[in-house]
Amino acid sequence: MRLAIVQTRPEFGSTRANLQSAIELMESERADLYVLPELFNTGYNFIDTAEVESVAERTDGPTFQAIARFAKDRACYVAYGFAEKTNRLFNSAALVGPDGLIGLYRKIHLFDRETLLFEQGDLGFPVFDLPFGRVGMMICFDWIYPESARSLALQGAQLVLHPSNLVLPYCPDAMVTRCLESRVFSATANRVGTENRGGVNLRFIGTSEVVSPRGEIMVRLEREEPAVGVVEVDLAEARSKRINQYNDLLAGRRPDQYTS
Ligand code: ACM
């Protein structure tokens with residue numbers, strides 16, 4: 001299947017324009033599954049919860065409607081990050097297919113000032129079966145906890161969809177280890193650009209990438225520009241966790257010897 005990472009440059013608060021430019025980027029490359037960044041439609045650097053509240057959407061909001069139309073028209077799947085409004089605010093990711101919403105993930109490990117703006121995720125790390133294999137979602141800073149990708153792998157996820165707004169430089173290389181240690185694919189879609197608001201200046205690092213279960217970087221985008229990276233992947237490759245005759249990475253775990 002054709003897997004696409006979509007690296008965008010959202011403008012803070014310009015929700016409609018950001019949605020439109022993301023759709024145009026997706027239209028530029030045919031794929032079966034697209035991954036968009038974290039908070040791709042709103043921007044990231046909120047000053048307070050009132051700002052989040054003003055742009056947050058319900059799971060069936062206008063952003064979902066537009067993405068669902070795209071997925072239906074193109075018979076494809078899209079994972080995207082957005083500010084989710086219930087009676088609370090979450091930093092969430094939705095997975096949408098030709099028939100509508102497939103799944104939702106709410107970011108569990110909030111980064112920096114996100115802890116002031118969003119509630120901690122409360123849905124665990126769910127996995128979803130797509131025609132080409134089992135996938136799960138985590139968002140950006142979740143990468144720094146190996147438990148995130150491992151939780152997905154233990155439930156049989158073959159591909160980790162990873163909408164991101166990375167500002168630290170470590171994640172792109174670290175994902176090689178995340179993939180090697182659980183023998184999964186990952187698709188990290190990050191954004192580019194800067195946001196200087198309320199005295200907080202953030203520069204997003206681009207470098208979106210797809211990594212294979214053997215730790216190969218199948219595609220890695222530049223640091224500065226919006227772009228789409230497409231690779232052909234066979235998720236069956238992530239099914240076996242065996243690395244030699246004696247070592248099966250998941251079966252070889254020793255949870256009775258670990259401290260949780
Ligand atoms: C991040 O979690 N957005 C760095």
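Each ligand, and each atom within it, is numbered from 1 in the order the structure gives. Starting from 1, each residue takes its place in the sequence as its number. Because the structure is predicted, anything quoted here is derived from the model rather than measured.
The protein atom (non-hydrogen) at minimum distance from atom 1 (C) of ligand 1 is C140 SG, 2.9 Å.
Summarising the local packing, CD of E11 is surrounded by 12 or fewer heavy atoms from other residues, nucleotides or ligands at distances under 6.0 Å. Heavy atoms from other residues, nucleotides or ligands lying under 6.0 Å from CZ of R16 number 12 at most. Residue E27 places its CD atom among more than 12 non-hydrogen atoms of other residues, nucleotides or ligands, all under 6.0 Å distant.
By the criterion of a heavy-atom distance under 4.0 Å, both the backbone and the side chain of F141 are placed next to ligand 1.
Judged by the 6.0 Å distance and 45° axis criteria, R191 is not positioned over the aromatic ring of Y44.
Of all the listed residues (R113, K107, E38), K107 holds the heavy atom that lies closest to atom 2 (O) of ligand 1.
For ligand 1 and E114, the ligand atoms under 4.0 Å from any heavy atom of the residue are 1 (C), 2 (O), 3 (N).
Using a 4.0 angstrom heavy-atom cutoff, H109 does not count as in contact with ligand 1.
Just one of T194, T8, V167 meets the side-chain contact (heavy atoms from CB on, under 4.5 Å) condition when paired with F204; it is V167.
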